[in-house]
Enquirer: 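Submitted below is the structure of interest, expressed as structure tokens.
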Amino acid sequence: EVQLAESGGGLVQAGGSLRLSCVASGFTFRAQVIGWFRQAPGQVREGISCFRNTDVSTWHADSVKGRFTISSDNAKSTVYLQMNSLKPEDAAVYYCAAVEGVVTGMLPLQRREYDYWGQGTQVTVSS
């Protein structure tokens with residue numbers, strides 16, 4: 001059974017940092033694409049970052065580029081999202097997600113392309 005578990009959310013002041021973790025189990029971690037999404041109240045769930053282990057490809061949305069960094073620790077089957085210079089508009093529930101099987105070509109950026117989801121972790125940014 002594929003499982004994804006996020007942690008690391010919390011309350012932080014604007015300008016501060018958090019590191020989110022996503023621990024994966026139940027599939028071949030090295031072959032997977034892991035994505036981070038976020039959803040604020042009343043908003044659609046948006047993709048903000050993804051990572052492919054096989055070629056260490058990464059993608060970050062323009063809204064977080066230069067502030068957020070995705071990385072992986074294969075030994076721990078964990079993907080991290082380092083979030084710096086947080087803004088109030090970054091407040092949301094953050095989810096990690098995984099794609100079934102091996103993905104070649106363009107990285108999947110859309111919610112519908114992902115097959116497995118974690119339960120989410122809340123990030124709150126005070127101004």
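Quick caveat: nothing in here was measured; it's all calculated off a predicted structure.
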Enquirer: Going only through I, L, V, M, F, W and Y residues with side-chain contacts under 4.5 Å, is there a path from Y80 to W36?
Expert: no
Enquirer: Is the shortest side-chain heavy-atom distance between F68 and D90 below 4.5 Å?
Expert: yes
Enquirer: Donor-acceptor pair, S49 side chain versus W59 backbone, under 3.5 Å?
Expert: yes
Enquirer: I need the I34 CD1 to C96 SG distance, nearest 0.5 Å.
Expert: 6.5 Å
Enquirer: Using every non-hydrogen atom in the two residues, find where A91 and A40 come nearest and quote the distance to one decimal.
Expert: O-CB, 3.8 Å
Enquirer: Can Y94 and R38 be counted as having a side-chain donor-acceptor contact under 3.5 angstrom?
Expert: yes
Enquirer: Working to the nearest 0.5 angstrom, can you tell me the gap between R111 CZ and L109 CG?
Expert: 15.0 Å
Enquirer: Minimum heavy-atom separation for A24 and L4, please, with both atom names.
Expert: CB-CD2, 3.6 Å
Enquirer: Give, for atom CZ of R67 and atom OG of S85, the distance between the pair rounded to the nearest 0.5 Å.
Expert: 7.0 Å
Enquirer: What pair of heavy atoms forms the shortest contact from V33 to C50, and how long is it?
Expert: CG1-CB, 4.5 Å
Enquirer: CD/Q119 to CD/E6 distance, rounded to the nearest 0.5 angstrom?
Expert: 4.5 Å
Enquirer: Would you say T124's side chain and L11's backbone share a donor-acceptor pair under 3.5 angstrom?
Expert: no
Enquirer: With rounding to the nearest 0.5 angstrom, report the CG to OG distance, L107 to S57.
Expert: 5.0 Å
Enquirer: In Å, rounded to the nearest 0.5 Å, how long is the span from CG of L20 to OH of Y95?
Expert: 13.0 Å
Enquirer: Is the number of heavy atoms from other residues, nucleotides or ligands within 6.0 Å of NZ (K65) greater than 12?
Expert: yes
Enquirer: Tell me, with the steps shown, if T121 and V93 meet side-chain contact (heavy atoms from CB on, under 4.5 Å).
Expert: CA-CA 5 Å; T121 185; V93 178; over 6 Å; no
Enquirer: Do Y116 and E1 have side-chain heavy atoms sitting under 4.5 Å apart?
Expert: no
Enquirer: For Y114, give me all partners under ring-ring contact (aromatic ring centres under 6.0 Å, His included), at least two apart in sequence or on another chain.
Expert: F37
Enquirer: Donor-acceptor pair, distance only, cut-off 3.5 Å: does the side chain of H60 make one with the backbone of I70?
Expert: yes
Enquirer: Would you confirm whether Q32, through its side chain, and A98, through its main-chain N or O, come within 3.5 Å as a donor-acceptor pair?
Expert: no
Enquirer: Does any donor atom in the side chain of N74 or S72 lie under 3.5 Å from an acceptor atom in the other side chain?
Expert: yes
Enquirer: Taking the side chain from S63 and the backbone from A61, do they hold a donor-acceptor pair closer than 3.5 Å?
Expert: no
Enquirer: Strictly below 4.0 Å, N to O, side chains only: are R52 and D55 in salt-bridge contact?
Expert: yes
Enquirer: Grouping I, L, V, M, F, W and Y whenever their side-chain heavy atoms are under 4.5 Å apart, do V79 and V23 come out in a common cluster?
Expert: no
Enquirer: Quick check: do T69 and L81 have side-chain heavy atoms less than 4.5 Å from each other?
Expert: no
Enquirer: Any chance the side chains of S17 and N84 put a donor and an acceptor closer than 3.5 Å?
Expert: yes
